[in-house]
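Remember, predicted model here, so these are calculated numbers, not experimental data. Numbering starts at 1 and runs along the sequence shown. Basis for what follows: all heavy atoms, side chains included, without hydrogens, waters or symmetry-related copies.
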Amino acid sequence: MTLHQIIRFLIKYKYQAIFPVAVAEGPIITIISGFLVSHGYLALFPTLLVVFFGDIISDSVYYFVGKGGRHMIQYLKFLHVSPEQLLKLENHFATKPWKTMILAKVSYGLGTVFMVGSGASHMSFKKFLEYILSLNFIRSLILITIGFYFGKVALHFGPTYLQYYTLAVIILIPIGYLVYYRFRKPLKNGN
């Protein structure tokens with residue numbers, strides 16, 4: 001599928017296309033959705049709700065995987081969670097739940113492990129929802145704003161370059177997001 005086809009698909013099916021992607025990969029589709037909002041293809045409020053609830057469902061699934069216990073996690077090798085990592089996460093959730101949840105939501109690529117850890121730490125689902133509802137709403141709003149901003153910049157420079165700005169939002173912004181969170185930790189340890 002080409003970039004043009006993906007954009008057309010999202011424009012045609014709108015929220016029905018965005019929701020499953022938001023469950024599977026929230027941050028990237030949220031930025032793309034913000035871009036589409038800026039061009040008038042999507043409405044802000046429904047888009048925010050769709051990506052927000054997609055993220056909630058995804059986080060809740062991983063929470064319940066962790067709640068299932070260590071024996072369940074060992075059968076899900078794709079999570080790459082060692083018993084030592086899980087023990088550390090459980091301790092963090094028990095002693096510093098807000099800080100740990102905030103870290104989980106800004107750590108792209110590690111969020112799954114953190115959500116599994118939240119369930120394994122025996123945190124109540126009610127408490128989990130208290131944290132995750134507010135954090136996911138804030139994160140969704142920020143990411144939509146980023147996409148919206150880049151969409152407006154693309155409109156400002158004219159339709160001639162629109163495909164390049166679309167490409168930048170869909171590919172370069174998420175790559176920058178990944179690179180930042182991937183290399184941020186080694187830089188902190190080096191200081």
Side-chain angles (χ1 to χ4, degrees), residues 3-63 97-112 114-115 118 128-185 187-188:
L3 176 63
H4 186 66
Q5 291 171 323
I6 292 169
I7 296 298
R8 283 199 175 278
F9 179 78
L10 291 173
I11 290 169
K12 181 178 180 180
Y13 294 104
K14 300 184 188 262
Y15 313 107
Q16 296 87 351
I18 292 169
F19 182 72
V21 180
V23 171
E25 180 50 53
I28 293 172
I29 194 64
T30 304
I31 293 171
I32 294 168
S33 296
F35 186 86
L36 294 174
V37 167
S38 74
H39 289 276
Y41 295 118
L42 301 171
L44 177 60
F45 187 69
T47 302
L48 180 60
L49 286 178
V50 166
V51 295
F52 170 73
F53 282 112
D55 223 4
I56 294 294
I57 288 171
S58 175
D59 290 347
S60 297
V61 166
Y62 288 116
Y63 167 87
W98 265 114
K99 286 182 181 179
T100 308
M101 278 300 213
I102 290 169
L103 183 61
K105 295 317 294 179
V106 298
S107 298
Y108 187 79
L110 295 176
T112 301
F114 278 96
M115 294 305 110
S118 68
F128 172 79
L129 282 178
E130 285 177 25
Y131 295 128
I132 217 67
L133 287 172
S134 57
L135 293 173
N136 279 356
F137 182 78
I138 292 167
R139 185 175 84 157
S140 295
L141 195 56
I142 289 170
L143 294 177
I144 283 178
T145 302
I146 290 169
F148 188 87
Y149 171 76
F150 280 96
K152 286 297 183 188
V153 167
L155 285 174
H156 177 71
F157 286 107
T160 307
Y161 301 103
L162 184 59
Q163 64 186 355
Y164 301 114
Y165 294 110
T166 304
L167 184 65
V169 169
I170 292 174
I171 295 174
L172 297 178
I173 301 294
I175 287 173
Y177 188 74
L178 289 168
V179 168
Y180 172 76
Y181 283 110
R182 178 83 173 148
F183 294 106
R184 180 181 66 151
K185 190 173 184 176
L187 290 175
K188 281 185 177 180

Undergrad: More than 12 heavy atoms of other residues, nucleotides or ligands under 6.0 Å from CZ of Phe137: yes or no?
TA: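 For Phe137, atom CZ is not crowded (no more than 12 foreign heavy atoms under 6.0 Å).
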
Undergrad: For Asp59, give me all partners under side chain to side chain donor-acceptor pair (under 3.5 Å), at least two apart in sequence or on another chain.
TA: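 Side chain to side chain donor-acceptor pair (under 3.5 Å) check on Asp59 returns Lys105, Asn136.
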
Undergrad: Under the ring-ring contact (aromatic ring centres under 6.0 Å, His included) rule, collect the residues that match up with Phe114, sequence neighbours excluded.
TA: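 Applying ring-ring contact (aromatic ring centres under 6.0 Å, His included) to Phe114 gives none.
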
Undergrad: What are the two closest non-hydrogen atoms of Phe52 and Leu133, and how far apart are they?
TA: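 Looking at all heavy atoms of both residues, the shortest contact is CE1-O, 3.2 Å.
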
Undergrad: If you look only at pairs with a residue in residues 34-45, which of them pass as a salt bridge (charged side-chain N to carboxylate O under 4.0 Å, His left out), with sequence neighbours excluded?
TA: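 Passing the test, one end in residues 34-45: no pairs.
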
Undergrad: For Ile138, what residues pass the side chain to side chain contact (heavy atoms under 4.5 Å, CB included) criterion, not counting sequence neighbours?
TA: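 If we apply the side chain to side chain contact (heavy atoms under 4.5 Å, CB included) test to Ile138, skipping adjacent residues, the hits are Ile142.
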
Undergrad: Tyr13: which residues meet the ring-ring contact (aromatic ring centres under 6.0 Å, His included) condition with it, sequence neighbours left out?
TA: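 Tyr13 satisfies ring-ring contact (aromatic ring centres under 6.0 Å, His included) with Phe9 only.
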
Undergrad: Do side-chain atoms of Ser33 reach the backbone of Ile29 as a donor and acceptor pair under 3.5 angstrom?
TA: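 Side chain of Ser33 to backbone of Ile29, a donor-acceptor pair under 3.5 Å: yes, one is there.
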
Undergrad: Which pair of heavy atoms, one from Ile144 and one from Leu48, lies closest together, and at what distance?
TA: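 Heavy-atom minimum between the residues: CD1-CA, 3.7 Å.
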
Undergrad: Holding to side chain to side chain contact (heavy atoms under 4.5 Å, CB included), I want the full list of residues that pass it with Ala24, two or more places apart in sequence or in another chain.
TA: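 None.
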
Undergrad: Excluding sequence neighbours, so at least two apart, what forms side chain to side chain contact (heavy atoms under 4.5 Å, CB included) with Pro46?
TA: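 Here the qualifying residues are Tyr15, Ala43.
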
Undergrad: Considering only residues two or more places apart or on different chains, which pairs with a residue in residues 45-55 satisfy side-chain hydrogen bond (donor to acceptor under 3.5 Å, both in side chains)?
TA: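 Output for this query lists Asp55-Arg139.
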
Undergrad: With a 4.5 Å heavy-atom cut-off, do Leu36 and Lys14 have their side chains touching?
TA: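 Counting from C-beta outward, Leu36 and Lys14 never come under 4.5 Å.
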
